[in-house]
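Working notes for the structure below.
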Number of protein chains: 2
Amino acid sequence: MKLSDIGEDAVVEALTRELPVGKDVIVGPGDDCAVLGKKSDASWLLLKTDAVIEGVHFLADDEPERVGWKALCRAISDIAAMGGVPGHAVITLGVPGSTELEWARGLYAGLRRAAKRFGVGIVGGETCRSPAAKFVNVSLTGSVVPSRCVLRSGGKAGDFIYVTGRLGGSLRGKHLDFTPRLVEARWLAENHKPAAMMDLSDGLGADLPRLAAASGCGHEIWPMSLPCTPGSTPLNAMNDGEDFELLLAIRPDRAEALERDWKRGFPELELTRIGQLTKPARRSTRRSAGGFDHFRQD
Amino acid sequence: MKLSDIGEDAVVEALTRELPVGKDVIVGPGDDCAVLGKKSDASWLLLKTDAVIEGVHFLADDEPERVGWKALCRAISDIAAMGGVPGHAVITLGVPGSTELEWARGLYAGLRRAAKRFGVGIVGGETCRSPAAKFVNVSLTGSVVPSRCVLRSGGKAGDFIYVTGRLGGSLRGKHLDFTPRLVEARWLAENHKPAAMMDLSDGLGADLPRLAAASGCGHEIWPMSLPCTPGSTPLNAMNDGEDFELLLAIRPDRAEALERDWKRGFPELELTRIGQLTKPARRSTRRSAGGFDHFRQD
């Protein structure tokens, strides 16, 4: 059986079963980041790893500086989605020996620019030969105050679902230049702590079912309410992926205050109510309804 | 200018210049691991990232369980070389969609086996499509008591240089089945703290000049003293790479006690005196004298 026969979520499910997670683990596989520490600690360590691969996440002729920006900002987006603050990154660069030094320099210029913008330290890495495609793996630490740590699993039936910004059309360029919602996520965790939150990397159609499943809920989406990037349709918003916006669930009695305060705090960034978590039986969208699946696209 | 024209060390030098390392960094790029924390902390966080790539670090028909073992043990070896204890790992698996699920399961069986053996928790990761070659990136945390943290940079002219085990011939199988010297490195850090230490990943001919340079020293190797794997020559010991033995420098007045206690503690593993750190002017081997260079082999 090939990975493309069963799809990404089933592959991950098969591989992460019965992993030895060790001690001092608050959250193991299955959320945006691992959360490490003891329950009583004043701060928990977040840990994330993520790769961008030539031909999948970027193209050979994309500007290397934008590839570097994207590589680090993807991981920052995951730290943000936990309510955390990014700390230190280590980089693995795998490239053919025929790669121009200028390309690698450009990549690092993008990594440095993102690191400076979001307060990340780049403290090491590995550079090795990859015979075929280039790839860049970023591993990033972060920290989060336990009371502000937001998981995927805290949603309840009846919670309203929101997204930041606009969705769809990422491949027209946004996927290389997006702004991880670090400031917004910290504001949320401090002021209107979501019941559940994650970042949208594979598209709403793939990611919302993951958040709902982690919360033991079903979900419904109101397609006409989806905030679409100009030129994109609700179908793009569901399936294109790489939006790197926040997806969050809020208790219904807190929705009004959130919407009011958000408009004051972030007048230039939309926060849109797009649906609701439901009881599991009522869920209207199957887990594999859409979004980017790494193995089914081969 | 291509990376293959200038070689791995010069590439790393060019890319890591002027990196924003951030705060709370004890050791940044250039040692086996990054060391994070404040000077006054009771324990420091170690952070390492490392990849194995098909066609470079393993072959398409190598047993996936051995590939998984190798992928995690390489990172454990780096944590060991700092005098540390490994903590939690996150895994990036990049594979074509045509990959058999059995291969991925085998890989994870090897990762699990190494994790259980050396007390590592596997707490998350990413699984994504890599169109051409497979790769596995491991990011590993660790911890070290500050007084036991051993860097590459603490050597002085006159220190004796030792290696554990035997060198060379790794490609005949050892590179997939090696035992990271975690127990031995902890014993050293606690009982006979080396002035400098690193693990041998690219071969003595590449790695010893790195340790010597980090310590501001030259070095001399006594070729006839090199402990060679049966069937290997001193040239293999210098150049093959992937030995994953410890390379350490010890002050001359501590060498006798170390050798005596080592024989008692590890009667089945050799510890061999193979050379000496020297003043920079006297160094007998150029930095690029041998060993595995990722970009020059293309």
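Chain identifiers are assigned alphabetically (A, B, ...) following the order of the sequence lines, protein sequences preceding nucleic acid strands; residue numbering begins at 1 within each chain. FYI, side chains are in, hydrogens and waters are out, and symmetry mates aren't considered; it's all heavy atoms of this structure.
Here B/Leu45 contributes atom CG and A/Thr141 contributes atom OG1; the two are 7.0 Å apart, rounded to the nearest 0.5 Å. A distance of 6.5 Å separates CZ in B/Arg17 from CZ in A/Arg105, rounded to the nearest 0.5 Å. Rounded to the nearest 0.5 Å, atoms CD (A/Glu102) and CG (B/Leu3) are 10.5 Å apart. Between atom CG of residue B/Asn137 and atom OG1 of residue A/Thr92 there is a gap of 3.5 Å, rounded to the nearest 0.5 Å.
Checking side-chain atoms of A/His88 against main-chain N and O of B/Val35 turns up no donor-acceptor pair under 3.5 Å. The main-chain N or O of A/Asp50 is never found under 3.5 Å from a side-chain atom of B/Glu126 such that the two would form a donor-acceptor pair.
Residues B/Gly125 and A/Thr49 share a closest heavy-atom pair of CA-CG2, 3.9 Å.
With chain A as the partner, the residue from B/Arg112, B/Lys48, B/Glu8 showing the most heavy-atom pairs under 4.5 Å is B/Arg112. Interface remark: of the candidates A/Glu54, A/Lys116, A/Lys2, A/Glu18, A/Lys2 forms the most heavy-atom pairs closer than 4.5 Å to chain B. The most heavy-atom pairs under 4.5 Å with chain B, out of A/Val21, A/Leu47, A/Asp24, come from A/Val21. Chain A forms more heavy-atom pairs under 4.5 Å with one residue of B/Val25, B/Val138, B/Val90 than with any other, namely B/Val90. Most heavy-atom pairs under 4.5 Å with chain A, from the set B/Pro20, B/Gly124, B/Gly119, B/Cys33: that is B/Pro20. Ranked by heavy-atom pairs under 4.5 Å with chain A, the first of B/Ala132, B/Ala51, B/Ser139 is B/Ser139. The choice from B/Ala104, B/Ala109, B/Gly55, B/Ala115 that makes the most heavy-atom pairs within less than 4.5 Å of chain A is B/Ala104. Note: B/Gly28 leads B/Gly28, B/Gly87, B/Gly22 in heavy-atom pairs under 4.5 Å with chain A.
Proximity to chain B (any heavy atom under 4.5 Å) is restricted, for A/Leu93, to the side chain, taken from C-beta onward. Within the 4.5 angstrom heavy-atom criterion, only side-chain atoms of B/Leu36, from C-beta onward, approach chain A. Contacts between A/Ile91 and chain B at a heavy-atom distance below 4.5 Å involve the backbone alone (N, CA, C, O).
When the options A/Leu15, A/Thr16, A/Leu19 are evaluated for a side chain to side chain contact (heavy atoms under 4.5 Å, CB included) with B/Ile122, the one that passes is A/Leu19.
Side chains of B/Val56 and A/Pro131 form a contact here, defined as non-hydrogen atoms less than 4.5 Å apart. Annotation: side chain of B/Ile53 is in contact with side chain of A/Cys128 (closest heavy-atom distance under 4.5 Å).
Around the CZ atom of A/Arg186, the shell of radius 6.0 Å holds no more than 12 heavy atoms that belong to other residues, nucleotides or ligands.
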